[in-house]
Colleague: 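The structure is given below, and queries will be raised subsequently.
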There are 2 protein chains.
Amino acid sequence: MKISELSDRSGLTVQTIKFYLREGLMPKGAATGATRAEYGDGHLERLRLIRAMREVGDLPVFAIKRIIAAADEPEVGLHELLGTVQYALGPHVDAPADDPQWRAARADVDALIAELGWRVTADAPARDLLAQTFVALRKLGFPVVLTELRPYIEAAMSLGEHEAGGLSTDEPRTRAIHRTLVTTVLYEQVLLALHRLAREHESARRLG
Amino acid sequence: MKISELSDRSGLTVQTIKFYLREGLMPKGAATGATRAEYGDGHLERLRLIRAMREVGDLPVFAIKRIIAAADEPEVGLHELLGTVQYALGPHVDAPADDPQWRAARADVDALIAELGWRVTADAPARDLLAQTFVALRKLGFPVVLTELRPYIEAAMSLGEHEAGGLSTDEPRTRAIHRTLVTTVLYEQVLLALHRLAREHESARRLG
DNA sequence: ACTATTGGATAGTGTTGATATCCAAGGATG
DNA sequence: CATCCTTGGATATCAACACTATCCAATAGT
């Protein structure tokens, strides 16, 4: 199909598609002349994926590029892909290595993960994300205690198990890759939304 | 204290504090002369809150301003405050009212909330957030089925109950307000981080 | 032949969240 | 009391990000 058709079907402007091509988020169309190129269904699918990650997942273009590069790599396994995606999700918090509060929080996070017996790489950004919240919570006078954390841990474990279960089927590789990306990026938003809705509901029930 | 001291103690530059003052995130210090003003502990506390919402919650300055304005209002109740915070959290997705896919997804969301018996205002942004993910999931060929949603709903309900329980104590109003903000903004990140960690763990356990 | 579209390149826009600079006035210090 | 430092206040500038606009020459379609 022509780029204008790709634009119509994807809901993105031609300019934006050109921009994504320039940024290397997609391969160029097959040139059929100096001023013509042919795009296929793969391009459309790719644009849908990019759009979902941008608009729903709110990922920066650069992160999407890295994710797509990993997903296109034929040798990469699903677990490795998940790592790449989570790393791209960030946040890449600039950890002040000299701040004692930060070091303490980070140590607490590492200890917690060890205690739970979780197999998580040492440089997983989620460790920093959690440590960052611990620091902020403490600075605001809300010390982080395990009993307060427990419900979150249990919810996380339960969801983690459920999501990992969805991967064990033997679907085609492309599909499995898409499922990994979708689960990681989109279902995170689903959880976010449902959590907020449930919170409003409970608040209304008790205070409204 | 002087603004330079406030800067030292908050970890923000004088420039940034001035910027926040300009933006109306904080009242000005009490002027003790044409070129001097005195800041109190309230200012420091306020800056810590702003910093947590900006750096951990990744909220835009404008959203923080609205949240703080609501929190400063003496008449506003905790449930009302929660609504304001959630509204400020967004995302303010520009819903294309004419898109049939969108309408269908939004109807599904409304039906789900009704079926669950949740008391959630009709204009809660989380409804749109959820609908948005439904649209994206469907476009990518991952239809949203209730069985897939169930674990997320249960996790959300369980956390919602837990969090609402923390509000029923009779602490001082300022503290309760802070607790509402902190729970909403910071524990959301805690859940996010733990979810990612659990996901990586389960993935490692089965595929690693 | 003529109009519209394309690929490719380059430049510009709008938003956000700071930073930088400047100035005059007012303390603080020796 | 002279000199330097800091402050408030205003204005300007910057950097990142994700587009968006414009231009051009070469076609493709009619």
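Fair warning: this is a prediction, and the values are worked out from it, not measured in the lab. What you see below is based on every heavy atom in this structure, not just the backbone, and it leaves out hydrogens, waters and symmetry mates. Every chain is numbered from 1, with letters handed out A, B, ... down the list of sequences.
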Colleague: With sequence neighbours left out, what residues match A/Tyr20 under ring pair (Phe, Tyr, Trp, His ring centres under 6.0 Å)?
Modeller: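 With neighbours one apart ignored, the set is empty.
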Colleague: Strictly below 4.0 Å, heavy-atom distances to any atom of DNA chain D: list the hits from residues 38-66 of chain A, or just say none.
Modeller: A/Arg54, A/Pro60, A/Val61
Colleague: List, with names and distances, any nitrogen or oxygen atoms from the protein found under 3.5 Å away from nitrogen or oxygen atoms belonging to nucleotides 21-27 of chain C.
Modeller:
unit_1	atom_1	unit_2	atom_2	d
C/dG26	O4'	B/Thr35	OG1	3.1

Colleague: Applying side chain to side chain contact (heavy atoms under 4.5 Å, CB included), name anything that partners A/Thr133, two or more places apart in sequence or on another chain.
Modeller: A/Leu130, B/Val56, B/Gln189, B/Val190
Colleague: Residues two or more places apart in sequence or in another chain: which of them pass side chain to side chain contact (heavy atoms under 4.5 Å, CB included) with A/Lys139?
Modeller: A/Gln101, A/Val135, B/Arg48, B/Arg51
Colleague: Tell me what A/Ala31 touches on the nucleic acid: a base, only sugar-phosphate, or nothing, going by heavy atoms under 4.0 Å.
Modeller: nothing
Colleague: Going by the rule ring pair (Phe, Tyr, Trp, His ring centres under 6.0 Å), which residues pair with B/Tyr152 if we only count those two or more places apart in sequence or in a different chain?
Modeller: A/Tyr187
Colleague: Can you list everything that forms a salt bridge (charged side-chain N to carboxylate O under 4.0 Å, His left out) with A/Arg54? Sequence neighbours excluded, please.
Modeller: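 Residues passing salt bridge (charged side-chain N to carboxylate O under 4.0 Å, His left out) with A/Arg54: none at all.
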Colleague: With sequence neighbours left out, write down each residue that passes salt bridge (charged side-chain N to carboxylate O under 4.0 Å, His left out) with B/Arg138, or none if nothing qualifies.
Modeller: B/Asp108
Colleague: I want to confirm an ordering. Mapping B/Glu5 and A/Tyr20 to their closest nucleotides on DNA chain D, which one lands closer to the 5' end?
Modeller: B/Glu5
Colleague: Hey, is the side chain of B/Thr16 poking within less than 4.0 Å of OP1 or OP2 on C/dG17, counting only N and O atoms?
Modeller: no
Colleague: Is the number of heavy atoms from other residues, nucleotides or ligands under 6.0 Å of B/Arg175 CZ greater than 12?
Modeller: yes
Colleague: A/Ile153: what forms a side chain to side chain contact (heavy atoms under 4.5 Å, CB included) with it, not counting sequence neighbours?
Modeller: A/Leu112, A/Leu116, A/Trp118, A/Leu146, A/Leu149, A/Met157, B/Leu194
